[in-house]
Asks: 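Dropping the structure in here first, questions after.
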Amino acid sequence: MKLGKAFFDSVIIEKKTTSRSGIPKAAKWWLGAGRALIFTTILFVSLFILAWRLFDLTIIRGHEFRSLSDSNRTQERIIHAPRGHIFDRTGKILADNVPVSVYDYTRTYPGGQATSSVTGYTGEITEKELADPYYKLRGYRSGDRIGRMGIEAIFEGKLRGRDGRELVEVNASGEVTRTLGKIESVPGEDITISIDRSLTQTALEAFPADQKGAIVVSRPTTGEVLAIITSPSFDANIFSQTLSENPNLPMFNRAIGGVYPPGSTFKIVTAIAGLEEGTISEKTLFEDIGELRIGPFTFSNWYFTQYGKTEGFVDIVKAMQRSNDIYFYKLGEAVGITKLGVWARRLGVGTQLGIEIPGEAAGLMPDPAWKSKKFYTEADKEARNDEWYVGDTYHVAIGQGYLLTTPLQVNSWTNVIASHGKLCKPTIEKKQQECKDLGIKKETIDLITEGMKKACEPGGTGWPLFNFLVPVACKTGTSEFGD
């Protein structure tokens, strides 16, 4: 019985120190205490991290985040300055502004296709341009528009104006709640140019729509360009990238950048050279025999080529009236290419005249030195292509051969006759400027003027083309040009 009771007591004691799960109560206590310690540690670490983050955000980086908060609450808005207007000489608008938002404008061109090659257009500034110190120093920003050609580009500094700024406070929806400060924009400066919008439109309408070419109208005594047409052209109001890819090159200004043989219009230059050098006079006669022959080469008069007729003895007035090639072949030979070149360059051939529109070409006044450099290879020298021949002079004397000029240059040397011997720099600004007196004798001007008047009268080369109803002087010209 004692043994049995002792066993029972031991069982009872064991039951009292062991939990129902089979884990001793002491172990369970330690397990619970460990879990509590881990939880407490995690809690304190988390609180520490949160406290440190709060300290970092409010104390260490508080200024930074306050600035960011303010920037979200306040915004600086750019007030784009309207570009200056471009007016024609009569006060008609060539470039205007139309508002597209509260603080921005788009450019419109009422002259359309007629004046776009002169006014040019505006385009968004590129990243490459923004990196340029020129634009950086002048405060250009991404999204700004700048002049791309014509007046818009030439007078960018005047037309641009100065942008303003407005500091506003906004709510969470981005709506303006109040204005904190404002600096008004300063509009660009208006520009008045020499172009006549109505005259330019008339010139464009008179030009065949399917033809390539140019028209230049200017005031001889001042050099002011009244109309400048290049065809085909473009309308700056619908400008797009596709225009620059058009095979007809509508953005190429043929009036100032195209170089072509001037044809018989150059006979004005040849006549000036001959009269001023004393090679011919009012009484000098050359016989039109239909064609000149030099070895295997033939140089004929247009009248003989088309109708098989000759015009007998011709003086300078009749030569201008009838645009007689034989007369000018012989005159060019008598003057010589060197003196002819001197007078041509004096009249602006082979050099830029200085009009403000970008893209002006110089053209070419050929001479023996130029030809020697042009054809310099051994093969050229062996074939004697580098030598200057009398036939080369013949060609230049009537505005053909290697000679290349711009329509603007043709207009310029014609104006020398109209302005009684003065060479005026062409300009699109409406202004009076001094012109250079070339010292051409009055007799020379009078003789050439008389021949040009007769060219527009019955029997003259210009009469069938225009049938002028008022007295006018003109000089026709047809040139052959190709590869």
Side-chain angles (χ1 to χ4, degrees), residues 56-87 93-112 115-116 119-193 234-244:
D56 178 57
L57 294 177
T58 58
I59 305 301
I60 298 178
R61 302 177 63 190
H63 177 73
E64 176 185 348
F65 288 105
R66 278 193 297 273
S67 297
L68 290 174
S69 176
D70 288 340
S71 65
N72 290 330
R73 181 174 57 85
T74 61
Q75 295 180 359
E76 183 183 72
R77 298 187 173 183
I78 302 299
I79 305 174
H80 290 282
R83 289 178 73 85
H85 297 91
I86 301 176
F87 295 100
I93 292 182
L94 300 180
D96 201 359
N97 303 300
V98 175
V100 295
S101 62
V102 179
Y103 295 134
D104 205 1
Y105 302 84
T106 187
R107 204 69 157 153
T108 61
Y109 302 92
T115 58
S116 290
T119 59
Y121 62 97
T122 61
E124 188 171 338
I125 193 168
T126 64
E127 291 298 323
K128 183 178 180 180
E129 288 168 329
L130 284 172
D132 190 317
Y134 176 87
Y135 294 102
K136 280 186 177 180
L137 292 172
R138 287 161 178 78
Y140 284 87
R141 295 176 300 274
S142 180
D144 284 354
R145 301 182 68 82
I146 61 175
R148 286 299 180 198
M149 64 178 287
I151 299 297
E152 294 281 25
I154 299 166
F155 297 106
E156 168 68 15
K158 291 184 177 180
L159 291 169
R160 181 191 176 206
R162 189 169 67 248
D163 290 345
R165 291 177 175 79
E166 184 180 47
L167 187 65
V168 297
E169 188 177 82
V170 297
N171 57 24
S173 301
E175 298 173 342
V176 177
T177 57
R178 61 171 175 160
T179 299
L180 303 177
K182 188 175 184 179
I183 300 176
E184 296 289 350
S185 64
V186 178
E189 182 180 338
D190 292 340
I191 300 290
T192 298
I193 63 175
F234 68 97
D235 188 344
N237 292 301
I238 55 172
F239 180 80
S240 67
Q241 183 65 29
T242 56
L243 286 173
S244 61

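Predicted, not measured: the structure shown is a model, and the values here were computed from it. Counting from 1, the numbers follow the sequence of the chain as shown.
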Asks: Taking the side chain as every heavy atom from C-beta outward, state whether H85 and N97 have any atom pair closer than 4.5 Å.
Replies: yes

Asks: Considering residues at least two apart in sequence or located in another chain, which fulfil the salt bridge (charged side-chain N to carboxylate O under 4.0 Å, His left out) criterion with R145?
Replies: none

Asks: Quick one: closest heavy-atom pair of R107 and G84, and the distance?
Replies: NH2-O, 2.6 Å

Asks: If you round to the nearest 0.5 Å, how far is CZ of R77 from NZ of K182?
Replies: 11.5 Å

Asks: Evaluate the side-chain proximity of P82 to S185: yes if any heavy-atom separation is below 4.5 Å, no if none is.
Replies: yes

Asks: Check side chain to side chain contact (heavy atoms under 4.5 Å, CB included) between K158 and all other residues, then give those that pass, not counting sequence neighbours.
Replies: F155, E189, I191

Asks: If you compare all heavy atoms of R162 against all heavy atoms of A81, which two are closest, and at what distance to 0.1 Å?
Replies: O-CB, 3.4 Å

Asks: What are the two closest heavy atoms between G120 and A236, and how far apart are they?
Replies: O-CB, 3.7 Å

Asks: Hey, could you give me each pair passing side-chain hydrogen bond (donor to acceptor under 3.5 Å, both in side chains) that has a residue in residues 130-143? Not counting sequence neighbours.
Replies: Y140-E156, R141-D163

Asks: Using 0.5 Å steps for rounding, measure from the OH atom of Y121 to the CD1 atom of I146.
Replies: 10.0 Å

Asks: Can you check whether T115 reaches Y109 side chain to side chain, under 4.5 Å on heavy atoms?
Replies: no

Asks: Working to the nearest 0.5 angstrom, can you tell me the gap between I79 CD1 and D104 CG?
Replies: 11.5 Å

Asks: To the nearest 0.5 Å, what is the distance between OG1 (T119) and CE (M149)?
Replies: 8.0 Å

Asks: Of the non-hydrogen atoms in G112 and D235, which two are nearest, and what is the gap between them?
Replies: CA-OD1, 3.6 Å

Asks: Taking all non-hydrogen atoms of both residues into account, name the closest pair between A153 and G147 and its distance.
Replies: CB-O, 3.7 Å

Asks: Is the closest side-chain heavy-atom distance between T108 and I93 below 4.5 Å?
Replies: no

Asks: Between D144 and H80, is there a side-chain heavy-atom distance shorter than 4.5 Å?
Replies: yes

